[in-house]
Protein chains: 2
Amino acid sequence: MTAAQRPTLEEVARQAGVSRATVSRVVNGSTTVAEPIQEAVRRAVAELGYVPNLAARSLVTQRTDSVALVLPEAATRVFSDDQVFPGLIRGAAQELEAADKQLVLMLAGSPAGHDRVTRYTTGRHVDGVLFASLHGEDPLPGRLARLGIPVVCSGRPLDAADVPYIDVDHIGGVARATRYLIDNGRRRIATIAGPQDMVAGIERLAGYRDTVVAAGLPQMIEYGDFTRESGTIAMRRLLAAYPDLDAVFAASDLMAHAALRALHEAGRRVPEDVAVIGFDDIETAAYTEPPLTTVRQPIVELGRKMTRLLLALADGAEVERAVVLPTELVIRQSA
Amino acid sequence: MTAAQRPTLEEVARQAGVSRATVSRVVNGSTTVAEPIQEAVRRAVAELGYVPNLAARSLVTQRTDSVALVLPEAATRVFSDDQVFPGLIRGAAQELEAADKQLVLMLAGSPAGHDRVTRYTTGRHVDGVLFASLHGEDPLPGRLARLGIPVVCSGRPLDAADVPYIDVDHIGGVARATRYLIDNGRRRIATIAGPQDMVAGIERLAGYRDTVVAAGLPQMIEYGDFTRESGTIAMRRLLAAYPDLDAVFAASDLMAHAALRALHEAGRRVPEDVAVIGFDDIETAAYTEPPLTTVRQPIVELGRKMTRLLLALADGAEVERAVVLPTELVIRQSA
DNA sequence: TTGTACGCGTTATCAA
DNA sequence: TTGATAACGCGTACAA
């Protein structure tokens, strides 16, 4: 059970009676090796159980064939039953699969975690880095870009770093949702906003604000952090502060779900007394009571696009610096 | 924006007017360097923006300070709103955080993905590998173990590989749940079982079987794959096949949730007409209608324990080959 | 088509 | 305390 001394190219070469270079060629699929020799090498590889040392390989090739997806969040948040991160991951995984590259997922919730990720990525352990869910003005994307490491962010970076990014049309989507509420006769429209250190939080609030202000309606705002817990608290506060509200736009489906329950507890009927609209269109949205009307963002597509951009960047191609994907209002029964 | 030639130890050494070895010592926090020299080196590092090349380092140290968590599942599955994988990941992340090691998450849903993970892990890109959710007789854990790479599985590996594993008491938990149903007067108890190529699926079914058989009750079984979709289908089939059933044990909370809805659609009241019990105790379980009675498994703790075991293994310690964590029946309103 | 020889950027050993 | 120097395991011009 002790670590069997692992064989190197050298030993395989000796066993096969050829040179290191030839073994290397066979292992890497070069066609310029005579068939019988290939055969001998392959047998030696199998007999010795040879596996290339990736560190040594990437030291000389300067590539690792892997790409990091960095989520500057605690695992708790990333894997709430929010489907946003998962969707992103799926999209990235699909594209990387096609490119035969390894996806390396890194969470960086704590400062120490952030440091570790910094070391790992700046240390050239990966060929490129995808960022999602950036908080505040994280300097890491800009820093990596300056180090010449390909980087793509989801969401416009809040520090003004010149890093390519992809985002969805938060403002347009929320404006459409809010207008829909207004068109349906709602006049006291509240919002449970997202965290204001993230682009998604900021812009979704802006979409709400712009629309109610333009319609001459009052602003009624409470803040959450996209989680259910925060949604519950915010909804209760809204009910206390504005007992006559007749609609709520929540900046995430999880918060909308919590709002649904809080409203139910408070004896309000949805959508009769209060209309509710969420944002994301996570899987659970179709299962809430009543099913949730929400703004769908093409999250998987976002993950795919980010990844394609990154791969292009890594290939030295010129790429668009900013891409914005459309959102869509999905009407169910809560509004 | 072109990849600035990244500085090496050599260049830092030249800039600081010392040798490579000294720079290496400072970078790695050796105390045997005179203070003024340390200062000079640090300045040179900062000026040049030096970052150690991890490939070169691990080539000589034989360590990478990172650990892989392999999930042989498609991203779709891993990140359903099932909280099981996330919990595992959180547990692992916590422990690795404490050990200052990097968690590298790898999904391996497709055969190609599995190959990639094989290459990555056997290539010594990580210091150890955690496996979760193994399907069938995956040979990879055993293979890694034979290569001398520390490995720990969650759930007993189905091939008889001598790999340390941690699992939860599926059988005991399900038996308790089933007995609870019997004690409450249920006599026509059905089950939505999990996939039979996974330990969790097999053992949860065994727990149900043993208990109903021991009580002289009939077995009523449909199979799902832990997802909601499969739960919906299975529940409908059960209703068609056994219209008089009065209880259902579902092998996952997602399937239980789907069953709740399917029963509702079929006009059955829960728990009056049909009692429902799930397995997992995911966050959503407290939010279903009615809130779900379920078997809680200490999933975060499982992730932590796995990781501690792995780290001990990597330190060359002797470890237990099998650990089983207890499960607990959480009674809410669905049964 | 095959082999020789060098270099990738570190760490570690050993002298000084 | 510091500095040469030898690995670490591999890929690849270049030569044969």
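Computation of the quantities below employed the complete heavy-atom set of this structure, encompassing side-chain atoms and omitting hydrogens, waters and symmetry-equivalent molecules.
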Under 4.0 Å protein heavy-atom contact, by nucleotide of nucleotides 11-16 of chain C - B base, S sugar-phosphate only: BBB---

Pairing residues for A:Glu97 by the side-chain hydrogen bond (donor to acceptor under 3.5 Å, both in side chains) criterion, not counting sequence neighbours: B:Ser110, B:Arg116

Of A:Ala34 and A:Gln62, whose closest DNA chain C nucleotide lies nearer the 5' terminus? A:Ala34

Please tell me which of B:Ile37 and B:Leu59 maps to the more 5' nucleotide of DNA chain D, matching each residue to the nucleotide holding its nearest heavy atom. B:Ile37

Would you say the side chains of B:Gln38 and B:Arg42 form a donor-acceptor pair under 3.5 Å? yes

So does B:Arg143 pair up with B:Asp159, basic N to acidic O under 4.0 Å? no

I need the full list of side chain to side chain donor-acceptor pair (under 3.5 Å) pairs touching residues 48-61 of chain B, with sequence neighbours left out, sorted by first then second residue. B:Asn28-B:Arg57

C:dG3 phosphate, OP1 or OP2: any side-chain N/O from A:Thr22 under 4.0 angstrom? yes

Counting only side-chain nitrogens and oxygens, does B:Thr8 get under 4.0 Å of the OP1 or OP2 atom of C:dG9? no

Starting from P on C:dC8, measure out to CZ on A:Arg124 and report it in whole angstrom. 15 Å

Could you check how far CD of A:Glu10 sits from P of D:dC10, rounded to whole Å? 10 Å

Protein-nucleotide distance (A:Leu54, atom CG; D:dG9, atom P), rounded to Å: 14 Å

Verdict with reasoning, B:Asp127 to B:Leu311, per side chain to side chain contact (heavy atoms under 4.5 Å, CB included): CA-CA 9 Å; B:Asp127 296 341; B:Leu311 293 174; over 6 Å; no

Could you tell me how far apart B:Leu48 (CG) and C:dG9 (C1') are, to the nearest whole angstrom? 15 Å

Quickly, which of A:Val323, A:Thr307, A:Ile166 forms a side-chain contact (heavy atoms from CB on, under 4.5 Å) with A:Leu302? Name it, please. A:Ile166

Donor-acceptor contact below 3.5 Å, side chain B:Thr122 vs main chain B:Thr118: yes

With sugar-phosphate meaning primed atoms plus P, OP1 and OP2, does B:Val51 contact a base, only sugar-phosphate, or nothing at under 4.0 Å between heavy atoms? sugar-phosphate

From CD of A:Glu11 across to C1' of D:dC8 the rounded distance in Å is 13 Å

Taken to the nearest whole Å, CG/B:Asn53 to P/D:dG9 is 16 Å

